[in-house]
2 protein chains.
Amino acid sequence: MARRDAKTKPTSRPLDARKATILEAVVTEHIDTAQPVGSSSVAHNADVAVSPATVRSEMVTLEREGYLAQPHTSAGRVPTDKGYRYFVDHLSSGVLTSAQQHQVKDFFASVRGEVEDVLEQTSTLLSQLTSYTAVVVGASHTHATILSVQLVSLDARHQLLVTVFSDGSVAKHSVVTSFDAGSLDVSEASRQLNALLIGTTLEHRVQVPSRQDHVAMLVRESVSVLHAERPVTDGEQVFIGGSSKVAEVFDGVETVRKVLSILEQELLVVSLVQDILDQGLSVAIGSEHGYEPLLSCAVIVAPVTVDGAPAGAVGLLGPTRMKYREALAAAGVVSQHLARHFGGEEESV
Amino acid sequence: MARRDAKTKPTSRPLDARKATILEAVVTEHIDTAQPVGSSSVAHNADVAVSPATVRSEMVTLEREGYLAQPHTSAGRVPTDKGYRYFVDHLSSGVLTSAQQHQVKDFFASVRGEVEDVLEQTSTLLSQLTSYTAVVVGASHTHATILSVQLVSLDARHQLLVTVFSDGSVAKHSVVTSFDAGSLDVSEASRQLNALLIGTTLEHRVQVPSRQDHVAMLVRESVSVLHAERPVTDGEQVFIGGSSKVAEVFDGVETVRKVLSILEQELLVVSLVQDILDQGLSVAIGSEHGYEPLLSCAVIVAPVTVDGAPAGAVGLLGPTRMKYREALAAAGVVSQHLARHFGGEEESV
DNA sequence: TATTGGCACTCAATTCTACCGAGTGCCAAC
DNA sequence: GTTGGCACTCGGTAGAATTGAGTGCCAATA
């Protein structure tokens, strides 16, 4: 079964039909038994109409070419990353069970609240659908324009700068002054900031007043604090759902620890997802993503596109022997629903 | 070593000196070996000047009274929750190593940014100090007064309600209307909302206009959305640091899974911490906190008090055989620094 | 009377051995 | 090129034997 549908760049050169079938059988079986697969179980498998001996000799070739590996002499074979890659590249797309479809539909029909809440809950949904750990990344608002800026006084020397962006996100920054700012100063600064910044993006540099009065100083400080957003991968939001799945799905405490500690570092997660997207992949298997502690992991990503613009991504993290077809389907469906949710009805931000 | 200093309500009745010493020796040793402790290693332990045989007979008593348990005949003893409780109740307070003190000081000297960032990073700090999973809970802003309310228009039917509280927190809520709101309507509504809400808390009910015009409807909708904050334990923020420690510190995949899945549910974590604080405890051991999946866990909490008012709490989650003295010290020190950070200098919100 | 050394007993953990069997590689036959 | 046959490998398991840490009990002691 399975062929075509290049959802990931097929880096692997084609394999003759029989080898492909055998490889697929090995991968499939290993995925759901977690055991090395022997020649005979492959031979008995439907679409392979040859004897175990023949399968064995093919396996030798597949092993030599790097698709399979043997844990030790006299054990069956296990797919390598390259083997999984071939499998994934030639995977027919799967569909969700109708129960799952229902779950997704119900979820998106009933979900409400702020974007953050929706994304957060979506990560839980995706994790439940797949029993892998799910990641939902919300796009950075560095490209959104500013709708409103407001300076609110907490006390004489502490102001809060509240910025509303066109994508519905709100940022807050504290502005500390070395002088006591009067409430008139603050509201005047607020007014000037609005005039200055509304309609701009965070990348826009603006001309700030150079005067030395309190209002000008407030304005300068505010603008600089606002534009000081850290360089890359900031402003993105990451939501991780089902981190407990890590403990179910990986074996070996050490692996679990490593994976969890990666998940703790949100910046890392964002760049992982971003890297994979940049490579134009939808799946990164084992060594492909280049994150050493995740060598035994596969990562699935699906971009979320709203009105043609990238609006984030959803991802799944599982063992290399994960259920690719189902997981890809789930990620795909959820990312589409998410896109529709935020795009179709111009959203319920 | 150790006595007095009732930092937790001593539920346990006193034990005669020798029993106490023996119990303490068992607990201490078990904490750092994770093995059942036998009579001879206790006897050889400094402060117990009796023979193994005597220790054994005391142990029988301690076991009968519920302080110790035997995994099986002919194994050493292991402390029960009650045993740990006694130990903790009679624990002399510990201090951090000077390296740790430095780390804490440096951290609070250099940390900056919004409250959320500080709390987040504090959770990581605390986790690093102890190698347990740390929790930092920021107080709910339900009691803070409103400093400013602003309605910002995203499009004709979607407005964003941005509320700034006196504790420096900012909340956002979307307001969806069934009619097209003009920008004049929005700014007028904004003005009225300010007049209505500034200085009130979220618990304050206010009189809203009952007219049927757009402005009044906007105002009504905004107020209702704002006051609709979910009942309890909302508005709190939870930050969890070092969740990967779970995998290091507990054995048994199943335990790890359970603990992680508790940590995923932030509301649960908040109420766990709250429950423990309400009981007036600083440590909840095993069954004491009543969360069944955490039976093999101990939770340490330390309230953070700013200007006499509760401003949150820090917590640590480890196995029942955790290093109480060090962990209590770390939680205490961090909570105090946190309090000072936000209180002393009227903070750098 | 409280403490202690002595001793028989228990039982988890470890080690050893045998062996089973899944799976291989090779080869001669088809 | 494919296949069945066969000898070989080697991880895993199942018992059996052994070890040893630790106990409970008891009689001797101070």
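From a predicted model like this one, the values you see are computed outputs, not experimental measurements. In what follows, every chain begins at residue 1, and chains take the letters A, B, ... in the order their sequences are listed.
Note that NZ of Lys82(B) and CG of Leu23(B) are 10.5 Å apart. Values are rounded to the nearest 0.5 Å. Distance check: Phe87(A) CZ to Tyr324(A) OH gives 8.5 Å after rounding to the nearest 0.5 Å. Rounded to the nearest 0.5 Å, atoms CG (Leu62(B)) and CZ (Arg18(B)) are 10.5 Å apart.
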So which protein nitrogen or oxygen atoms get under 3.5 Å of nucleotides 19-22 of chain D's nitrogens or oxygens?
{"unit_1": "dG22(D)", "atom_1": "O3'", "unit_2": "Ala75(B)", "atom_2": "O", "d": "3.4"}

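On the nucleic acid side, DNA chain C contacts chain B at distances under 4.0 Å to non-hydrogen atoms, with the end points of that region at dT3(C) to dA12(C).
The residue among Arg18(B) and His72(B) whose nearest nucleotide of DNA chain C is located toward the 5' end is Arg18(B). Heavy-atom distances to DNA chain C give each of Thr54(B) and Ser57(A) a nearest nucleotide, and the one nearer the 5′ end belongs to Thr54(B).
Side-chain polar atoms of Ser57(B) and Thr54(B) form no donor-acceptor pair below 3.5 angstrom. Side chains of Asp81(A) and Ser287(A): a donor on one and an acceptor on the other come within 3.5 Å.
Salt-bridge formation is detected for the pair Asp89(B)/Arg85(B): a Lys NZ or Arg NE/NH1/NH2 atom is positioned less than 4.0 Å from an Asp or Glu carboxylate oxygen.
Of the possible polar contacts, none joining the Glu29(B) side chain to the Val42(B) backbone as a donor-acceptor pair under 3.5 Å is found.
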Side-chain donor-acceptor contacts of residues 291-300 of chain B below 3.5 Å, not counting sequence neighbours, with atom names and distances?
{"unit_1": "Tyr291(B)", "atom_1": "OH", "unit_2": "Leu272(B)", "atom_2": "N", "d": "3.3"}
{"unit_1": "Tyr291(B)", "atom_1": "OH", "unit_2": "Asp275(B)", "atom_2": "OD2", "d": "3.2"}

